[in-house]
2 protein chains.
Amino acid sequence: MNSLQTVEPALDEACCAPSGQPVLSAEDARRKALVFKALSDPNRLRLLSIVKSGGSGEACVCDLTEPLDLGQPTVSHHLKILVDAGLLHREKRGTWAYYSIVPGALEQAAGLLASL
Amino acid sequence: MNSLQTVEPALDEACCAPSGQPVLSAEDARRKALVFKALSDPNRLRLLSIVKSGGSGEACVCDLTEPLDLGQPTVSHHLKILVDAGLLHREKRGTWAYYSIVPGALEQAAGLLASL
DNA sequence: CACACAGATTGACATTCATCGATATAGTTG
DNA sequence: CAACTATATCGATGAATGTCAATCTGTGTG
């Protein structure tokens with residue numbers, strides 16, 4: 001229960017703002033920046049791309065380590081950041097952990113730019 | 001002529017990709033990550049917000065230093081990053097430098113997420 | 001021309017971050 | 001229960017980043 005859920009709750013306050021004068025509060029800015037920070041690493045973008053492009057819509061860590069040419073701990077670390085940002089969903093089945101894109105998360109992240 | 005223009009040329013290669021199997025190339029990922037890296041700082045998001053929300057659609061550095069509670073060199077540094085990322089336009093008139101949002105840049109950045 | 005002012009650049013410093021090796025945890029199988 | 005495998009966590013390290021003080025570059029004004 002430590003995920004930041006930065007995408008979800010961001011809407012609660014953004015959808016009602018006049019999006020005009022009050023600019024962006026320091027707090028809102030901090031929250032939105034967390035999402036973009038998660039997207040600001042090339043390897044994390046590729047992780048999202050691989051997970052998204054996979055036919056099943058999900059991928060396990062072992063499938064992600066090789067194409068990125070990174071160590072397993074590093075991939076695990078990047079995945080955690082994406083999960084904390086609310087972009088990826090993690091489901092453990094047996095020994096494997098399957099990651100999938102949170103439905104609508106990318107669209108919501110894109111929406112953050114429109115509501116600047 | 002040192003601006004990276006990361007948003008503009010990204011389309012040249014992204015618009016024609018099948019956006020399916022080949023995942024995201026390391027090079028494409030690196031370029032897209034640059035845009036999100038520019039967006040990954042709270043103060044830069046607030047800068048964009050202020051410039052966008054200003055009635056005239058532009059703002060000079062002196063208008064941006066105070067609301068962010070940052071030093072002038074720091075604001076100047078952030079603005080340079082946003083210009084290099086292709087998000088802001090800089091126009092110098094007299095003693096002042098006016099910054100405005102590059103038309104369509106935010107929408108284009110949002111589009112990067114859809115074409116992952 | 002001397003001064004004042006807006007903004008950019010430089011250098012330094014502390015913090016954050018990406019990465020890796022080593023280790024821990026948990027599920028599976030013999 | 002012991003060995004194995006997949007994944008997560010920890011600790012360390014080098015690189016990148018945000019910030020500031022000091023300085024430089026123009027541009028207007030007396």
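Chain identifiers are assigned alphabetically (A, B, ...) following the order of the sequence lines, protein sequences preceding nucleic acid strands; residue numbering begins at 1 within each chain.
Side-chain atoms of A/Thr95 lie closest to D/dT5 of the nucleotides C/dT19, D/dT5, C/dT9. For A/Arg90, taking side-chain heavy atoms from C-beta onward, the closest of the listed nucleotides D/dT7, D/dG18, D/dT17 is D/dT7. With D/dT17, C/dA18, D/dA22 as the choices, the nucleotide that has an atom nearest any side-chain atom of A/Asp41 turns out to be C/dA18.
For A/Arg44 and C/dA18, the shortest distance from a side-chain N or O to OP1 or OP2 is below 4.0 Å. Contact annotation: B/Ser76 does not reach the phosphate of C/dG7 (side-chain N/O to OP1 or OP2, under 4.0 Å). Remark: A/Thr74 is in phosphate contact with C/dC20, judged by side-chain N or O atoms under 4.0 Å from OP1 or OP2. For the pair B/Lys92 and D/dT27, the criterion of a side-chain N or O lying under 4.0 Å from OP1 or OP2 is not met.
Here A/Tyr99 lies in heavy-atom contact (under 4.0 Å) with sugar-phosphate atoms only. At a threshold of 4.0 angstrom between heavy atoms, the contacts of A/His78 are confined to the sugar-phosphate backbone, with no base atom among them.
As rounded to whole Å, 14 Å separates atom P of C/dG7 from atom CG of B/Leu88. Here C/dG7 presents its C1' atom at 15 Å from CZ of B/Arg93, a figure rounded to the nearest Å. Between the CD1 atom of A/Ile81 and the P atom of D/dT9 there is a distance of 12 Å, given to the nearest Å. In this structure, B/Lys80 places its NZ atom 13 Å from P of D/dT17, rounding to the nearest Å.
Counting atom types as modelled, A/Gln72 pairs no side-chain N or O with a base atom of D/dA6 as donor and acceptor under 3.5 Å.
Side-chain contact between A/Cys62 and A/Trp96 is present, with heavy atoms from C-beta onward closer than 4.5 Å.
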Between B/Lys80 and B/Asp84, is a salt bridge (Lys or Arg N to Asp or Glu O under 4.0 Å) present by the stated rule, with each step listed? CA-CA 6 Å; B/Lys80 177 174 170 50; B/Asp84 287 348; 3.6 Å; yes

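With A/Leu45 as reference, A/Leu39 is the one residue of A/Leu82, A/Ile50, A/Leu39 to meet the side-chain contact (heavy atoms from CB on, under 4.5 Å) rule.
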